[in-house]
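Reviewing the structure listed below.
Just so it is clear, the structure is predicted and the values come from calculations on it, not from any experiment.
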Amino acid sequence: MAEAAAQDGTARRGKRAAEEGEEERGGRRRRSFQPAAEPLGTTVLHAAVDTRPQPLPARYFDTGTTEPVSFFLSGLEELLAWHPSSDDEFNVCAVPLAQRQPPLHSRRPRTLLCHDMRGGYLEDRFIQGSATRNPYVFYHWRYVDIFVYFSHHTVTIPPVCWTNAAHRNGVPVLGTFITEWADGEKLCEAFLAGGEDAYRAVSHQLARIAQHYRFDGWLINIENALSAAAVGNLSPFLRHLTAEVHGAVPGGLVIWYDSILESGTLRWQNELNQQNRVFFDACDGLFVNYNWKEEHLERTRELAGQRHADVYIGVDVFARGDVVGGGFDTNKSLSLIRKHGLSAAIFAPGWVYEHLGEENFLQNEDKFWGLLEDYLPTHSICTLPLATSFSVGMGTGMFLAGKEEEAGPWYNLSAQEIQPLYPERRGWLSTSCCLQDAWCGGSSLRVQGTIPPGEERVAIRLFSFQMHAPPKLFLNLLYKMEGPHRDDFTVALELTTWHSSRCHDGTVTVLPSEDEPHGRHHPHLLPAPPPALSRMLAACSHGAQGWTSRCYEQELRGCSLRDLSLLVSRQQASPQETSFSCLLGELRVLDAGSMAASPPQVQSLTASQLWWQDGPSAEQLSLSLTLRWAFPPGRAACFRVLSQGARCHRAQPAQPQLLGLAHGCQYRAVGLAVPRPAPGQSCQLELLVEPVLPSELPVGPERWGRLLLVYSEPAGGSS
């Protein structure tokens, strides 16, 4: 148990040993450790060591380590019995759905990505990440409108790491409700043939689940025959579910999979037709089966009318059955789908990982999406700040300020940051993920290309915008040139704005169409940071570990931002083409007007669910505990959870060591090795929570959360 004695104010993966206390020598009596007066905002907890088994709910925590895990629901009984619990807070998405352009409800044909890999809930089920080597990651979010997490469990709740990553990049996430085979028939008979109250109870629970875990809706996949009574209630069920989801989740979606006919027969149509239109009319969209030909697309386009963008034509990347394209020929499918103005549903893009293997996954992944680029319109950012270190949510080490803070593989999609466009121009430009070197996180963005003969420079488009520009922007770029001729090049940023007679350097306008001319702006290089940025950019003239840091400012009036590009120039003109390679470690675009606000403070830091175990040595204990705190919603990009070690005597605190990253206001520290207190002795463990703001302005330690856990063995031992 842990009891709050005083409260004043307010492993990334696996195990990390806290500093081990030293025993007093010479047979002197050990005295209880009395902590000095703690600074304002420190929570002090007193705990008695108790190594008796105290299991946590197996649905929400790994039974071996107590790490929080994502979960699914099996069967109708589990669905109807579900209710929110304080134990499942780790599964609630912490990242609001970012705005972007064009919005989902535009009539532009969309791209739905349906992730189906080996039954689901693999390494991605570990909410705080894992030490997985060469994991599957997805990062080409600019091409995608909707993400679906698919499995064959009755109720697939998307692992929260996927929802965090997708939302950060502006992509809504759907779970899956599926019934199939004989068990599916029984389940459907129970809730569809059971009458209005029965199917309304199911739709109400599905909407509550999406609302509670903060994902965006459902793919409904009924793949079993239905009785006349059941199919009679199917369309009303879809209508009620769609209304419930729309009411519970802003921008919520319900999409129906092409499987059941109006008669209740299970027969995939591979098109929208009169036999399945009733279900399309009852919800937000139709996911069409994969075995279509062009004539199916022609009929679908005609019948869909103005809702043509709500029809998602299925493309199985594994090319199972009689399909068009698949694999590296998936572009053939997309070409036909776009020809008829329809949306696409790309199923199982993990083919790249599963079929081609882990070894060269990132290169093969870029090749796969590069081949589809012509058929996948991109999306634009429409809010600031933009801050990214280009992390894809994995790494072979964890970097901070250009140094490897911790070696070893890691995987956590919640740590994935906003991703660029990954432009490719065959033969002269490529962008890719670099795991060997990074400024912050696990990876940097490698930009490689050539400057053509006679040209001074090339521009590489990194991000697209559709937003009104604030009067003044601050920009920061951290980069590192590679290769033997790195000093032959200069690197800068270029902003383009949509054309407007009222836009000039230094009034709200309507965004014009894409084919209108636009202006180019080269932000002014700042040799030193302005006062508002001085804490963040202590030295803009140089970086560290070979990285170069550059700060810029740009004043704009009456302008709308269009693109942000990297300019690579050579120092001297040359009749020969010149190759370059550059790593981008961090990029920030900040509204100068929002820089003055002081950061909030972490408040109400507490610890609960303490789990003591013997070991790893006779002089140590293993401690796992859950930290919770309060912080204004949406103000933090993440939190760094740190330990200053455990000690049983008065001494200088150790240097803070990173335990892991939290993406909500809770963190489960697992397997901390702390010194075992002697009889009559108290020891203390100090834990810190450092907020990281979206602008990445550093937050001073006086605003961190600080918890002091004072623990001792009870009289008679710990168990």
I want to know whether H355 and F318 have ring centres closer than 6.0 Å.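 Distance test on ring centres: not under 6.0 Å, no.
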
Looking at F347 versus Y290, is the centre-to-centre ring distance below 6.0 Å?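 Yes, ring centres under 6.0 Å apart.
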
Any side-chain hydrogen bond (donor to acceptor under 3.5 Å, both in side chains) involving residues 143-156? Give me the pairs, sequence neighbours left out, ordered by first then second residue.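 Listed by first then second residue: D124-Y149, D145-H379, S151-T156, H152-E180.
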
Work out which heavy atom in [X] is nearest to a heavy atom in [Y]; give both atom names and the distance.
X    : Y    : value
V641 : A662 : CG2-CB, 4.3 Å
N291 : H296 : O-CE1, 4.4 Å
F390 : L584 : CD1-O, 3.5 Å

Verify the distance criterion only: is there a donor paired with an acceptor across the side chains of S391 and S389 at less than 3.5 Å?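 No, because no side-chain N or O of S391 sits under 3.5 Å from a partner of the opposite role on S389.
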
Under the ring-ring contact (aromatic ring centres under 6.0 Å, His included) test against W162, which residue among Y139, F147, Y213, Y121 passes?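 Option passing the ring-ring contact (aromatic ring centres under 6.0 Å, His included) with W162: F147.
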
Which one of Y353, W351, Y411 satisfies the ring-ring contact (aromatic ring centres under 6.0 Å, His included) criterion with Y136?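 That would be Y353.
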
For F580 and V458, what are the C-alpha separation, side-chain angles and deciding distance, and is it a side chain to side chain contact (heavy atoms under 4.5 Å, CB included)? CA-CA 11 Å; F580 64 88; V458 292; 3.7 Å; yes

Between D322 and K293, is there a salt bridge with N-O shorter than 4.0 Å?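 Result for this pair is yes, salt bridge flagged.
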
Could you work out, with ring pair (Phe, Tyr, Trp, His ring centres under 6.0 Å) as the rule, every residue matching F126, not counting sequence neighbours?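 Not a single residue meets the ring pair (Phe, Tyr, Trp, His ring centres under 6.0 Å) criterion with F126.
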
